[in-house]
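What follows is a set of notes on a single structure, which appears directly below.
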Amino acid sequence: MDVYSHPTFDMAARQFDRVADHLGIPVDERDRLKYPKRALTVAVPLRRDDGSITVFPGYRVQHHLSLGPTKGGIRYHPDVRLGEVAALAMWMSWKCALMGLPYGGAKGGVAVDPGALSTGELERLTRRFTQELIPFIGPQIDIPAPDLGTNEQTMAWMMDTYSTHVGHCVPGVVTGKPLVLGGSLGRREATGRGVGYLIGRVFETLGIEQSGATAAIQGFGNVGSHAAYSLARHGVKVIAASDVNGGVHNASGLDLRALDAHVAATRTVAGFALADPIDNASLLELPCDVLVPAAMERQITGANAGRLRCRVLAEAANGPVTPDADTILENRADVFVIPDILCNAGGVVVSYFEWVQDLQSFFWNESEVTDRLFRMLESAFQQTLQASRKQNIPMRTAAMSLGVKRVWDAKRARGLFP
Ligand code: GLU
């Protein structure tokens, strides 16, 4: 199946092969687990504000349907490709299974730079893309959510387009919606909060004092910024943060409130006056207690993994560490990795809570959401740590093998049709 050929898909496939070897999955059962069940590619025409028409490629990949509907975000980014989305869908499968959610993984996206579109253009693009997806999504089929370049407003337009089509209000078709449309309290903060919670637990495990510890964060979007606030609440000093336009560094700790005001005014951390500029590559190599890649895939590679100077690597992004980098990090006892499918699982866990609340039309308060989120993360963290220690395997292999094993068990129990 070379239709998914892409460096990110190759990476996800290599990770899977390694876990399949570890679990002893028979060779003829592997492809059934690895390749997405189905994928849709669409051409999304957009009438621009100047009257011209541009067509953007859009994708939705559903990785497996063995445990329930599929779940995963929609990404707007110029580099979105079918193979990338397929890799991200595969990771969603292992993530949902690790967390015990009744979902398969999915991911979608449009190859577009959302920053180059007006609000009106974004709305028309989102509605037309949703229209193309209608036979493929639904609360019992596939439930999109925000990802890179999309947000609550994107989900509101998707929910409205879908609901208008079926003729009644269907809040459960997407998660990460505005509260007023059946969104969940705590969803916006969930991924970053989860990252903060797990870093705190790993610090405890390693005997690192949170207060006064240092953090460097690559990517200051929804996930990176909420991870920063959550760390700061526990006394961690955030010494660097970056986005696509560049980064800022202050060894005595960034003033996050002032940084927020700067980002609100300029839409970037670059140029923040109370810090020195730093580029994205140098940020990754800063000495710190925790490094949080919260941006794109494949940031830590065979080329820079040996130069990391963090004690904990908290993978808030999906797929930020390549298999070549893994090989280096596995031989570095000084770096503890919190793998992506565990580290950033808070988002999809609260998406699950949002879906459950929408299906029941019965809503929870924020502390119910957060308490349940932390309980589920704690259980997955304990299971992963125990598997890693007992079997003497890296944390990524441990987390992935728990996820892959559940999907494998489900497929075996259901059997092969016909
Ligand atoms: N896009 C997020 C992720 O990669 C959230 C997915 C969801 O909530 O469905 O985990």
Side-chain angles (χ1 to χ4, degrees), residues 8 12 59-64 67-77 80 84-110 114 133 137-152 154-155 158-159 171-178 182-195 198 219 221-224 226-227 293-297 314-320 338-358 369 373 376-377 380 399-400 403:
T8 306
Y59 310 97
R60 184 75 181 167
V61 175
Q62 298 172 357
H63 181 252
H64 82 83
L67 286 165
T70 47
K71 187 85 195 78
I74 297 276
R75 171 174 290 204
Y76 287 174
H77 189 280
V80 164
E84 184 206 31
V85 168
L88 290 158
M90 202 196 301
W91 287 325
M92 284 306 301
S93 286
W94 316 144
K95 190 188 314 190
C96 291
L98 170 65
M99 299 311 300
L101 308 180
Y103 294 138
K107 205 74 156 203
V110 178
L133 293 183
I137 59 172
Q140 301 302 339
I141 303 172
D142 178 16
I143 307 131
D147 196 82
L148 211 72
T150 56
N151 55 27
E152 292 173 11
T154 323
M155 295 305 114
M158 290 190 81
M159 178 268 196
V173 66
V174 290
T175 59
K177 297 176 295 293
S184 177
L185 288 164
R187 172 61 187 89
R188 190 189 299 162
E189 301 82 2
T191 315
R193 263 187 197 156
V195 171
L198 290 166
N222 181 46
V223 176
H226 283 288
M296 293 285 284
E297 305 93 74
E315 300 181 2
N318 291 307
I338 314 177
D340 52 1
I341 61 167
L342 171 65
C343 191
N344 68 36
V348 74
V349 167
V350 177
S351 274
Y352 166 62
F353 297 161
E354 180 174 330
W355 177 73
V356 166
Q357 292 171 76
D358 289 339
V369 169
L373 165 65
M376 287 178 70
L377 288 173
M400 277 190 60

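Residue numbers start at 1 and run along the sequence shown. All ligand and atom numbering here is 1-based and tracks the order in the structure.
Expressed to the nearest 0.5 Å, how far OG1 of Thr154 lies from CD1 of Ile74 amounts to 9.5 Å. With rounding to the nearest 0.5 angstrom, the OG atom of Ser351 is 4.0 Å from the NZ atom of Lys71. Considering NZ of Lys177 and CG of Asn151, their distance stands at 14.0 Å, rounded to 0.5 Å.
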- List the steps, then state whether side-chain hydrogen bond (donor to acceptor under 3.5 Å, both in side chains) holds for Asn318 with Asn344. CA-CA 8 Å; Asn318 291 307; Asn344 68 36; 2.9 Å; yes
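A salt bridge does not link Glu297 with Lys107: every distance from a Lys NZ or Arg NE/NH1/NH2 to an Asp or Glu carboxylate oxygen is 4.0 Å or more.
Among residues two or more places apart in sequence or in another chain, the side chain to side chain donor-acceptor pair (under 3.5 Å) test is passed with Thr150 by none.
For ligand 1, the 4.0 Å heavy-atom shell takes in Lys71, Gly72, Gly73, Met92, Lys95, Lys107, Ala145, Pro146, Asp147, Arg187, Asn318, Gly347, Val348, Ser351, ordered by chain and residue number.
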